[in-house]
Amino acid sequence: DQETGFTFSEYKAAFTLTANIVFRFALPSNAPSGPYNTVIQAVVPNQLGWIGLAWGGNMVRNPLTVAYPNGQKATVSSRWATGHSTPTAYTGATYTLLNTGNKVNGSHWQFTAKCAGCTTWTGTSGSVRISPTGSSRLAFAYSTGKASTPSSNTSSIPVHDTPNYFTNDFSLGQNPNFDALLQRNGVSAMGAGAVFVDGPL
């Protein structure tokens, strides 16, 4: 990615004949055996009011990345669902927007954020860790409805349309200089899933 310097794995989902939803993931080479940070980037057509990604491949009991446009940037929200109902705020994963890679233009909105806590969690059947060298099934959903309070990372959001699934090869997004790239983009490399106080984005 020329703007941020990261190497990303990428998945494109056709939204219309002329517009895609794009998810990109960057992570460190030689990731530690426990939690590790990731960078998630999404490019979203302007017709969509919000988008959500489930790191565990389904809606229930795994970190959910929810984002919606707010002026010239997106708000990124950390959520968790215990059932097929409205997800609530989740403090086990925190997001920090990079200084670059966040924009809104005439056709789409885009966010690029570091996530601490997206790669490990305690799910329905115990502890889960996304392999940084393998492939994992992810899920995503979206709605044309808008967040009620776009500036708030705990805003209520309308019910999503049908969820979609894809398999992402995380090994394609490895970066040997991951921490240096975070710092170049104005974000601390510290913290990979320790207990965070979820501050303002």
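Below, all heavy atoms of this structure are taken into account, side chains as well, without hydrogens, waters or symmetry copies.
In this structure, the side chains of Tyr90 and Leu64 stay at 4.5 Å or more apart for every pair of heavy atoms. Residues Val104 and Lys73 form no side-chain contact, since every pair of their non-hydrogen atoms from C-beta on lies 4.5 Å or further apart. Side-chain atoms of Pro163 and Phe140, non-hydrogen and from C-beta on, never get closer than 4.5 Å to each other. Residues Glu10 and Phe25 fail the side-chain proximity criterion, which asks for heavy atoms closer than 4.5 Å. Using a 4.5 Å cut-off on side-chain heavy atoms (C-beta onward), Thr120 and Val128 make no contact. Considering only heavy atoms from C-beta on, Gln72 stays 4.5 Å or farther from Lys103 through its side chain. Looking at heavy atoms from C-beta onward, Lys114 lies in side-chain contact with Leu182 at the 4.5 angstrom threshold. Side-chain contact between Thr65 and Val76: present, with at least one pair of heavy atoms (C-beta onward) separated by less than 4.5 Å.
The line from OG1 of Thr112 to CG of Asn102 is 5.0 Å long, rounded to the nearest 0.5 Å. Separating the NE2 atom in His160 from the OG1 atom in Thr144 is a distance of 13.0 Å, to the nearest 0.5 Å. Between the OG1 atom of Thr100 and the CD atom of Gln110 there is a distance of 9.0 Å, given to the nearest 0.5 Å. Separation of atoms CG (Leu27) and OG (Ser171) is listed at 8.5 Å; rounding is to 0.5 Å. Separating the CD atom in Gln174 from the CG atom in Asp169 is a distance of 9.0 Å, to the nearest 0.5 Å. In this structure, Thr38 OG1 and Arg24 CZ are separated by 15.5 Å, a value rounded to the nearest 0.5 Å.
Phe111 and Leu98 are members of different hydrophobic clusters when ILVMFWY side chains are connected at heavy-atom separations under 4.5 Å. Following chains of ILVMFWY side-chain contacts shorter than 4.5 Å, one can reach Tyr95 starting from Trp80, so the two form part of one hydrophobic cluster. Note: the hydrophobic cluster containing Ile40 also contains Phe170 (ILVMFWY, side chain heavy atoms under 4.5 Å, direct or indirect links). Trp121 and Leu138 end up in the same hydrophobic cluster when Ile, Leu, Val, Met, Phe, Trp and Tyr side chains are linked at under 4.5 Å.
Minimum interatomic distance between Leu172 and Thr7 (heavy atoms only, all atoms of both residues): O-CG2, 3.7 Å. Contact between Asn37 and Pro28 at its shortest, heavy atoms only, is O-CD, 3.2 Å. Between Ala31 and Pro132, the shortest heavy-atom contact is CB-CG, 3.9 Å. For the residue pair Pro176 and Ser29, the shortest heavy atom distance occurs at N-OG, 3.2 Å. Closest non-hydrogen pair, Leu97 versus Ala113, comes out as CD2-CB, 4.0 Å. Of all heavy-atom pairs between Leu181 and Asn185, the closest is O-ND2, 2.8 Å.
Remark: side-chain polar atoms of Arg137 are paired, donor with acceptor, to backbone N or O of Gly57 under 3.5 angstrom. Between the side chain of Ser78 and the main chain of Ala93, a donor-acceptor pair closer than 3.5 Å is present. Put simply, the side chain of Asn175 never gets that close to the backbone of Asn177: no donor and acceptor are under 3.5 Å apart. In terms of modelled atom types and a separation under 3.5 Å, the side chain of Asn62 and the main chain of Trp55 share a donor-acceptor contact. Put simply, the side chain of Thr75 gets close to the backbone of Pro150: a donor and an acceptor are under 3.5 Å apart. Checking side-chain atoms of Thr149 against main-chain N and O of Ser151 turns up no donor-acceptor pair under 3.5 Å. In this structure, the side chain of Asn168 does not engage the main chain of Ser9 through any donor-acceptor pair within 3.5 Å. A donor-acceptor distance shorter than 3.5 angstrom exists from the side chain of Arg129 to the backbone of Gly34, with no hydrogens or angles considered. Between the side chain of Trp109 and the backbone N or O of Ala42 there is no donor-acceptor pair closer than 3.5 Å.
Taking the six-membered ring for Trp, Tyr11 and Phe166 have ring centres closer than 6.0 Å.
Qualifying salt bridge (charged side-chain N to carboxylate O under 4.0 Å, His left out) partners for Lys146, counting only residues two or more places apart in sequence or in other chains: none. Among residues two or more places apart in sequence or in another chain, the side chain to side chain donor-acceptor pair (under 3.5 Å) test is passed with Thr4 by Asp1.
Within a 6.0 Å sphere centred on CG of Asn105, other residues, nucleotides and ligands contribute more than 12 heavy atoms.
Side chain to side chain, Thr167 and Ser135 fail the donor-acceptor criterion of an N or O pair below 3.5 Å.
Applying the side chain to side chain contact (heavy atoms under 4.5 Å, CB included) test between Tyr142 and each of Tyr68, Phe15, Trp50 identifies Phe15 as the sole match.
Taking the six-membered ring for Trp and thresholds of 30 and 60 degrees, Phe8 and Phe6 have ring planes inclined between 30 and 60 degrees apart.
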